[in-house]
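Naming convention: chains lettered A, B, ... in sequence-line order (proteins, then strands); numbering from 1 in each chain.
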Number of protein chains: 2
Amino acid sequence: MDTIGFEQHDHKSCVQGALSAVEAQCAAHKLQFTPVRRRVLEILLSEHRAMGAYEILDVLRDEGLGSQPPVAYRALDFLVSHRFAHKVERLNAFIACTHPGQTHTPAFLICRNCDAVAEAHAEPTRGILGKAADEAGFAIEQAVVEAVGLCPNCREGHPACA
Amino acid sequence: MDTIGFEQHDHKSCVQGALSAVEAQCAAHKLQFTPVRRRVLEILLSEHRAMGAYEILDVLRDEGLGSQPPVAYRALDFLVSHRFAHKVERLNAFIACTHPGQTHTPAFLICRNCDAVAEAHAEPTRGILGKAADEAGFAIEQAVVEAVGLCPNCREGHPACA
DNA sequence: TGCTGATGCGTTATGATATTACATACAATG
DNA sequence: CATTGTATGTAATATCATAACGCATCAGCA
Ligand SMILES: [Zn+2]
Ligand SMILES: [Zn+2]
Ligand SMILES: [Zn+2]
Ligand SMILES: [Zn+2]
């Protein structure tokens, strides 16, 4: 099941599966999956939405795991740089990756009504953007693809908005 | 000539052309192209790069056109909402549109070495992202497409980076 | 003319996001 | 057991953005 995010699902196993995958990745690549890093990923996974760094920090602080911004940002940097989480630029927020370990270019569908975020996939080097980059002689290394709109639930709920 | 941005060009006429186009648009749509708004666009056009709001504000302040952040942000909101400028989310910065008036979905090629930004075009509702959105029942209204990499000049200058 | 609403601007204050810099802890290496 | 590299703790600061209020201007209208 390769859900892209707005459907109902077995959240508990979704969290467990992602955690296990990340653990395996860290073990395989000798990455230190420290308590803070692990906890931040757990928070992101369990909330299943994009969260600001300070929002995460609030949780860490309550749990005695850290109280200053760098604690949260460092953990997030680790997760993002290893693709266990992604930054949603449009929201200045972070979200757990829905398929850690697989190399991929995330693309996000962001609901402007309920703030739900789903992770899809982009292939930046293909399509019209890749063509433009080729013509310009630009070497794409990384891409941010984020669509803002209405998620299926909100289209139903507020048909006027659709 | 539909340049997408890294080449040398006749910058003076590039600025003039864009300004004229925006003036015409404003006249046609009864938009108030006030001195502050005009000056902010001129600054963005003449610098021909992505600039932070405070950087723009510094210029305005020197010229006696405004000294507090809301002055810059309000002018930028106007320019962005009418598509005379765009926000580059990845840089938290703003850049003049290279073809104001035409309805379009901008996509940016951002050089990580020299910070040059070129505007290309995306068609978010097509391609793999549009397909994913359709399948998910998500209605795309707007898209952020930003590629980070090396521009042609920097690829030459630092071949090791390429 | 005088009222009224809409829009833009001036200013203060504050909020939200992110980083620098330096000190400390600790495990792995030799 | 000294050295080194990596992670964490903490204070301070930098950067990006908005809320809220009041005033000025101008168009539409009684
Ligand atoms: Zn992902
Ligand atoms: Zn929604
Ligand atoms: Zn444009
Ligand atoms: Zn460059």
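Cluster annotation: Val40(B) is connected to Phe94(B) through the hydrophobic network of ILVMFWY side chains, with a link wherever side-chain heavy atoms come within less than 4.5 Å.
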Using salt bridge (Lys or Arg N to Asp or Glu O under 4.0 Å), reason through Glu146(A) and Lys87(A) one step at a time and then give a plain yes or no.
CA-CA 11 Å; Glu146(A) 300 175 0; Lys87(A) 180 169 187 182; over 6 Å; no
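Atoms CG and CZ, from Leu57(A) and Arg61(A) in turn, are 4.5 Å apart once rounded to the nearest 0.5 Å.
Listed nucleotides: dA17(D), dA7(D), dT10(D). Nearest to the side chain of Pro70(A): dT10(D).
Looking only at side-chain heavy atoms (C-beta outward), Pro106(A) and Arg83(A) come within less than 4.5 Å of each other. At a threshold of 4.5 Å between non-hydrogen side-chain atoms, the residues Val144(A) and Val145(B) do not count as touching. At a threshold of 4.5 Å between non-hydrogen side-chain atoms, the residues Ile95(B) and Leu44(B) do not count as touching.
Of the residues in residues 71-87 of chain B, those lying under 4.0 Å from DNA chain C by heavy-atom distance are Val71(B), Arg74(B).
If Thr34(B) and Gln68(B) are placed on DNA chain C by their nearest nucleotide, the residue sitting closer to the 5' end is Thr34(B). Mapping Tyr54(B) and Tyr54(A) onto DNA chain D by nearest heavy atom places Tyr54(A) closer to the 5' end of the strand. Nearest-nucleotide positions on DNA chain D for Gln32(A) and Pro69(B) put Gln32(A) closer to the 5' end.
Cation-pi check for Arg38(B) over Phe33(B) is not met; the charged atom does not lie both under 6.0 angstrom from the ring centroid and within 45 degrees of its normal.
When the P atom of dA17(D) is taken as reference, atom CD of Glu55(B) falls 13 Å away, rounded to whole Å. Taking atom CG on Asn92(B) and atom C1' on dA14(D), their separation rounds to 13 Å, with Å as the unit.
Contact footprint of chain B on DNA chain C: nucleotides with an atom under 4.0 Å from a non-hydrogen protein atom, first to last in 5' to 3' order, dT7(C) to dT12(C).
Taking all atoms of both residues into account, the shortest heavy-atom contact from Ala122(A) to Ile128(B) is CA-CG2, 4.0 Å.
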Tabulate protein N/O versus nucleotide N/O from nucleotides 23-27 of chain D, keeping only pairs under 3.5 Å, one per line.
none

